[in-house]
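First comes the structure, then the notes that go with it.
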Amino acid sequence: MFLAMRGEVEAELERSLGALDFPTDDLGIEQPPDDVDAVLASSVAFRLASKAGTAPPNVAGDIVDCFDTARCEFIDHVASQGPYVNFFPSEAYFTGTVEAGQDGEYGRLPNQETSVVIEHTSANPTGPVHVGRARNPIVGDALANLLSYAGYDVDRHYYVNDAGRQMAVFTWAYETFDEEDLPKPERDRVEYDLVRYYRKGNTVLEEGDQETVATAEDEIQEIMQGLEAGNEETYERVGEVVDTVLGGMQDCLERLPAEFDEFVKETRFIRDGSTDEIAETLKETEYAVYEEDAWQLELTDWDIEKNFVFLRSDGTSLYTTRDLAHHEWKFNNYDEAVTVLGEGHGLQSQQLRAALEILGNDTELLDQVLYGWVNLPDGESMSTREGTGIMLDDLLDEAIARAREEVEDRMDDRIRNDDLTDEDVDRIARQLGIGAVRYDIVAKQPTKAITFEWERALDFEAQSAPYIQYVHARACGILSEANEVPDISSVEISLLDSESERTLLREIARFPAVVEEGAAERTPHIVATYTREFAEAFNAFYRECPVVDASEDVRMARLALVVAARNTIANALEILGVEAPESM
RNA sequence: GGGCGUGUAGCUCAGCCCGGAUAGAGCGUCGGACUUCUAAUCCGACGGUCGUGGGUUCAAAUCCCAUCACGCCCGCCA
């Protein structure tokens, strides 16, 4: 209803300003502070005062006089307060909110008829997923959920770097070393098994004697050239390693859960010739220069001082050249593209955009969401090759273990006698533990750097997932206790007239607007902020408004409100990728 | 040196793009509320030169300029 009301405010305010001979390009619509009872406000009177030759409050008064609420369904009245014009909701606003909230899909926006490909994670398939990489799937998955809720047709892609030197090193190491020379794997899963070869290979290359390293380099070069030349046998050898490791990483990511519609391999754009085509096209452009035997692009028009080399002196392509072919493929198959990537790729993503423009693409359709690094407290960085960092599996296991402890501690002093089964305890521990990890990461602006600390990551207090999840469990508790479904057509919404009920209704009403804004700005964290504010409103309602024991009419109205609240918080959590427990 | 990002309460963060009503939360500290639809909750108190200095504006945490601190990047690696 918020979106509908905002539409009415915009239309009628524009008409009013026009009638008063004021410009209508800036309506100054904003959210009033908490202690003002209006849903929307306008500060436009400030800017019109000098034109009108009078003080802002007078202008605000004129606007109020001209504003015709008879033309609006969701606006009850308009009032000026000093220089501000405040818009107050009608009974239909609240009735409409409760009705809309009965839908289990509440918050989902109309189909935008637009396809979006969101690429995220895309970690090199070299070993187990560590916490440093985990920010990407968590942000990426939430953003994909959010765009989907906003009515976009979303495909989730993982771009697999299977053509680089690291994969050649990995393949050589895997084929060279014996299992018995390696340490025990840290966990019984394929990527933990195979990463040992990769680490051993890198150690040998760094510390081995000259002859060993030279032999290894020859073999690595042979693999790389086989890939570039389109040699099928090489593809198979490398592919075995890539697919195996990736399979294990997928198992890990599914725990979050983060799943993908497609794993797009980099070699695909070598094999189908599109990388070569791109290179040939670029050579013909006015930005192309041939310097020091390599083809480059001068990007000074884009304020990038560094030349972008797209063909090496030996004529082979680079990662970004292949990524150009990848992105042209995206543009051919989707209306819009979003990529979630680490801040270390800033310059590269600028070069990519510039080159895509040179190739004639509309880069307005590409959004690159950058997220900051995850550091360890002692300043050490996380590296698969060096075997440093916290593994995501370990973090999730620890989170679940701590959540289980909490659940068990609380079992003893539960007032409610609802005997949780062992399965319930398992479920709750998993939902809360993983939810806490996800929420902690998705709730922050991605551009902020994070220092990983166990206690902080696993804090289950307020402003964490369990706080929000508890709201859902409470709502479900009321509904199961009441054990009846309100007939929405006969419910008296006007009975929901206390302050806490009205506040909760307003929170429910603006959920679709949060989805709209978050999707447009590609900022899933605002959904997390919303869930916190929503939880506060719900808890106030919970404290002040008994549902089950209320008189018949009030009970029905409140039950309808609780259904709407439950659907809202369940769907907001779904966007964040945090499970909504029915009991905890 | 250049580019990008970050800097808001002791700590962790919203708010900044798009200027507007007394700068908001949580943690921590202190003090309160469970015979109640689940206290993983709620209520109250304490806590702020919004990094710093200028500028624009009726109005600046928000826009502009400068500056400091921290992070990342500046490879014919990925």
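Lettering follows sequence order; numbering is per chain, from 1. Quantities reported herein were computed from a predicted structural model and do not represent experimental measurements.
The aromatic rings of A/Trp454 and A/Phe452 sit perpendicular, their planes meeting at an angle over 60°, well past the 30° parallel limit.
Within the 4.0 angstrom heavy-atom criterion, no nucleotide atom of any strand lies near A/Arg522.
Below the 3.5 angstrom threshold, one finds a donor paired with an acceptor across the side chain of A/Arg47 and the base of B/G20. In this model, no side-chain donor or acceptor of A/Gln166 finds a partner on the base of B/A78 within 3.5 Å. One donor-acceptor pair, N or O on each side, does fall under 3.5 Å between the base of B/G20 and the side chain of A/Ser43.
Put simply, A/Asn124 has no side-chain N or O that comes within less than 4.0 Å of OP1 or OP2 on B/A78. Of the side-chain N and O atoms in A/Arg385, none sit less than 4.0 angstrom from OP1 or OP2 of B/A78. Taking 4.0 angstrom as the limit, A/His525 places a side-chain polar atom (N or O) nearer than this to OP1 or OP2 of B/G15. Residue A/Arg165 places none of its side-chain N or O atoms closer than 4.0 Å to OP1 or OP2 of B/A78. Remark: A/Tyr319 is not in phosphate contact with B/A78, judged by side-chain N or O atoms under 4.0 Å from OP1 or OP2.
Consecutive Watson-Crick or G-U pairs involving RNA chain B, each under 3.5 Å on both distances, make up stems of three or more pairs at B:1-7 with B:68-74, B:10-13 with B:24-27, B:29-33 with B:41-45, B:51-55 with B:63-67.
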Test ring pair (Phe, Tyr, Trp, His ring centres under 6.0 Å) on A/Phe308 and A/Trp302 and set out the steps. CA-CA 12 Å; A/Phe308 162 39; A/Trp302 285 264; over 10 Å; no

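By the 5.5 Å and 30° criteria, A/Tyr84 is not stacked with the base of B/G20. Stacking of the aromatic ring of A/Phe46 onto the base of B/G20 is found: the ring centres lie under 5.5 Å apart and the planes are inclined by under 30°.
Going from atom CG of A/Leu341 over to atom P of B/A78 covers 16 Å, rounded to whole Å. Protein atom CD of A/Gln296 is 12 Å distant from nucleotide atom C1' of B/G75, rounded to whole Å. When rounded to the nearest whole Å, the span between CD of A/Glu455 and P of B/U12 equals 13 Å.
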Atom pairs and distances, side-chain donor-acceptor, residues 49-56 of chain A, under 3.5 Å, sequence neighbours left out:
| residue | atom | partner | partner atom | Å |
| --- | --- | --- | --- | --- |
| A/Thr54 | OG1 | A/Asn58 | ND2 | 2.7 |

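More than 12 heavy-atom neighbours from other residues, nucleotides or ligands sit within 6.0 angstrom of CD on A/Glu357.
Nucleotides B/G47 and B/A9 place their P atoms 15 Å apart, quoted to the nearest Å.
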